[in-house]
Amino acid sequence: MKKIAVEVRDVFKTYKSGFFKPRYTNAIQGIDLAIHEGELFGVLGPNGAGKSTLLNIIMGLITPDKGCVLISGDNTCGMFHRELRNSMNMSSGNPNYPWALTVREALNFYGMLYGLWGKKLDVKVDGLIELMELKKHANTRFDELSTGTKQRTSIAKSLLNDPKILLLDEPTSGMDPNISVKIRALIKRLHRELKITILLTTHIMREAEELCGRIAFIKDGKITALGTKEKIEKMTKSRNMEEAFIELAAD
């Protein structure tokens with residue numbers, strides 16, 4: 001039996017906005033989910049479906065109103081202990097690092113926050129620059145980088161602590177198609193070579209179809225379909241994932 005890397009149990013999250021006439025948004029509504037160790041798992045859904053909120057809850061950046069998350073069997077409903085926190089990392093689709101730092105300086109800075117120093121830090125940063133094909137950009141300021149290079153820098157940063165579980169939130173958001181292809185190839189390579197668990201969110205059917213063994217489709221904070229692309233296509237009586245997406249996203 002495959003071990004479970006991430007388990008989400010009956011999680012709810014509601015956001016409140018406004019004071020005199022508060023408005024409530026049900027971002028996550030009773031999600032149950034189990035992701036296996038070593039799996040490349042996708043969370044697919046339209047914008048505003050609750051995908052990013054789910055990842056932030058798993059990462060411990062947002063506290064659910066109800067329910068809990070287990071990381072490798074360890075309940076995180078309380079505080080993340082240091083060992084558990086160090087087993088994970090996350091890369092956002094719109095990374096925003098100090099604009100004046102170069103790629104190398106940014107990685108050195110975050111590496112020190114993860115407890116790396118001296119020769120160990122230098123070796124780690126050099127290795128990630130090589131892995132992410134960032135060598136010619138290593139001394140370029142962050143604000144001068146292209147969108148795709150910023151994303152590769154963000155993924156490099158998320159690997160500084162050698163995570164066993166990597167969360168990628170909209171990894172190709174806003175990119176040109178040719179850059180998206182390169183980022184997807186990079187994600188497949190990371191999964192193959194590092195043998196880590198990867199959970200990514202996307203609203204791009206091609207991305208989920210190409211990268212993920214299993215996919216959870218989220219709409220209005222609820223999982224409405226779960227399985228391989230073949231299973232989802234069969235369930236929706238669709239010829240491809242694009243048709244399945246339209247069917248599942250329909251009101």
Side-chain angles (χ1 to χ4, degrees), residues 5-6 8 11 13 15 25 27-28 31 33 35 39-62 64 69 88-97 106 110 132-134 142-143 145-160 163 165-191 194 196-226 229 232 241-242 244-246 248-249:
V6 178
V8 180
V11 165
K13 183 62 184 181
Y15 294 113
T25 302
I28 299 293
I31 282 184
L33 188 62
I35 299 163
E39 188 170 17
L40 206 172
F41 189 95
V43 178
L44 178 65
N47 289 327
K51 304 185 299 296
S52 296
T53 296
L54 177 61
L55 250 64
N56 279 292
I57 288 173
I58 291 172
M59 190 66 196
L61 301 176
I62 295 177
V69 175
M88 304 172 65
N89 213 319
M90 180 173 174
S91 172
S92 298
N94 294 296
N96 187 19
Y97 299 145
Y110 286 101
M132 296 292 120
E133 300 178 357
L134 291 166
F142 188 78
D143 65 335
L145 299 174
S146 67
T147 301
T149 306
K150 286 180 178 178
Q151 185 60 27
R152 280 186 283 148
T153 302
S154 177
I155 295 174
K157 174 263 177 189
S158 70
L159 295 172
L160 281 163
I165 300 169
L166 179 62
L167 309 181
L168 302 175
D169 190 14
E170 302 278 3
T172 62
S173 177
M175 292 185 188
D176 293 334
N178 60 321
I179 304 300
S180 297
V181 168
K182 292 180 179 179
I183 294 296
R184 288 198 293 269
L186 174 62
I187 292 169
K188 285 192 284 188
R189 179 184 169 196
L190 290 176
H191 183 245
L194 301 182
I196 58 178
T197 304
I198 297 179
L199 170 60
L200 69 86
T201 67
T202 183
H203 62 274
I204 303 170
M205 290 76 72
R206 173 69 179 274
E207 191 160 283
E209 188 174 15
E210 181 180 335
L211 292 176
C212 306
R214 289 193 303 147
I215 300 164
F217 190 94
I218 291 185
K219 180 186 176 186
D220 298 328
K222 300 177 182 178
I223 293 179
T224 57
L226 173 64
K229 75 179 189 67
I232 292 175
M241 280 299 293
E242 184 172 358
F245 185 101
I246 293 171
L248 290 166

Participant: Is V43 close to I223 at the side-chain level, that is, under 4.5 Å between some pair of heavy atoms?
Facilitator: no

Participant: Locate the shortest heavy-atom distance separating F41 from I215; write the atom from each residue and the value.
Facilitator: CZ-C, 4.3 Å

Participant: Can you check whether K157 reaches S91 side chain to side chain, under 4.5 Å on heavy atoms?
Facilitator: no

Participant: Minimum heavy-atom separation for F245 to P46, with atom names?
Facilitator: CZ-N, 3.9 Å

Participant: Using the rule given for side-chain contact (heavy atoms from CB on, under 4.5 Å), can you reason through L200 versus L40, listing the C-alpha separation, both sets of side-chain angles and the distance that settles it, and then say yes or no?
Facilitator: CA-CA 8 Å; L200 69 86; L40 206 172; 3.7 Å; yes

Participant: What are the two closest non-hydrogen atoms of M88 and P163, and how far apart are they?
Facilitator: C-CB, 3.7 Å

Participant: Just jot down the salt bridge (charged side-chain N to carboxylate O under 4.0 Å, His left out) partners of E210, sequence neighbours excluded, or say none.
Facilitator: R184, K188, R206

Participant: Output all residues satisfying side-chain hydrogen bond (donor to acceptor under 3.5 Å, both in side chains) with K182, sequence neighbours left out; order by chain, then residue number.
Facilitator: none

Participant: Can you list everything that forms a side chain to side chain contact (heavy atoms under 4.5 Å, CB included) with A244? Sequence neighbours excluded, please.
Facilitator: I232, T236, S238, M241

Participant: Atom CD1 in I218, atom CD1 in I28: separation rounded to 0.5 Å?
Facilitator: 5.5 Å

Participant: CE of M59 to CG of N56: how many Å apart, nearest 0.5 Å?
Facilitator: 9.0 Å

Participant: Under 3.5 Å, side chain of D169 to main-chain N/O of S92, donor-acceptor pair present?
Facilitator: no

Participant: For residues V6 and L33, determine if any side-chain heavy atom of one lies less than 4.5 Å from a side-chain heavy atom of the other.
Facilitator: no

Participant: Under the side-chain contact (heavy atoms from CB on, under 4.5 Å) rule, what do I58 and L167 come out as? Steps first, then yes or no, please.
Facilitator: CA-CA 9 Å; I58 291 172; L167 309 181; 4.0 Å; yes

Participant: Would you call I31 and I57 a side-chain contact if the rule is heavy atoms closer than 4.5 Å?
Facilitator: no

Participant: Compare every heavy atom of K13 with every heavy atom of T53, then report the nearest pair and how far apart it is.
Facilitator: CG2-CG, 4.1 Å

Participant: Under the ring pair (Phe, Tyr, Trp, His ring centres under 6.0 Å) rule, collect the residues that match up with F142, sequence neighbours excluded.
Facilitator: Y97

Participant: Would you check if the side chain of S158 reaches a backbone N or O of M90 as a donor-acceptor pair within less than 3.5 Å?
Facilitator: no

Participant: Answer yes or no: is there a side-chain heavy-atom contact under 4.5 Å between M132 and I155?
Facilitator: yes

Participant: Given side chains that start at C-beta, do those of L134 and T153 come closer than 4.5 Å, heavy atoms only?
Facilitator: yes

Participant: How about R152 and L145: do any of their side-chain heavy atoms sit closer than 4.5 Å?
Facilitator: no

Participant: So do I165 and L199 actually touch side chain to side chain, heavy atoms under 4.5 Å?
Facilitator: no

Participant: What's the spacing between L61 CG and L55 CG if we round to 0.5 Å?
Facilitator: 9.5 Å

Participant: Begin from the C-alpha positions of L159 and L190 and carry the test side-chain contact (heavy atoms from CB on, under 4.5 Å) through to its verdict.
Facilitator: CA-CA 10 Å; L159 295 172; L190 290 176; 3.9 Å; yes

Participant: By salt bridge (charged side-chain N to carboxylate O under 4.0 Å, His left out), which residues pair with K150, not counting sequence neighbours?
Facilitator: none

Participant: Which heavy atom of K51 sits nearest a heavy atom of E170, and at what distance?
Facilitator: CE-OE2, 3.2 Å

Participant: Please collect all side chain to side chain donor-acceptor pair (under 3.5 Å) contacts where either partner lies in residues 171-181, sequence neighbours excluded, each pair once.
Facilitator: T172-E207

Participant: How many angstroms lie between atom CZ of F217 and atom CG of L248, to the nearest 0.5 angstrom?
Facilitator: 5.0 Å

Participant: Shortest non-hydrogen contact from I198 to I187?
Facilitator: CD1-O, 4.1 Å

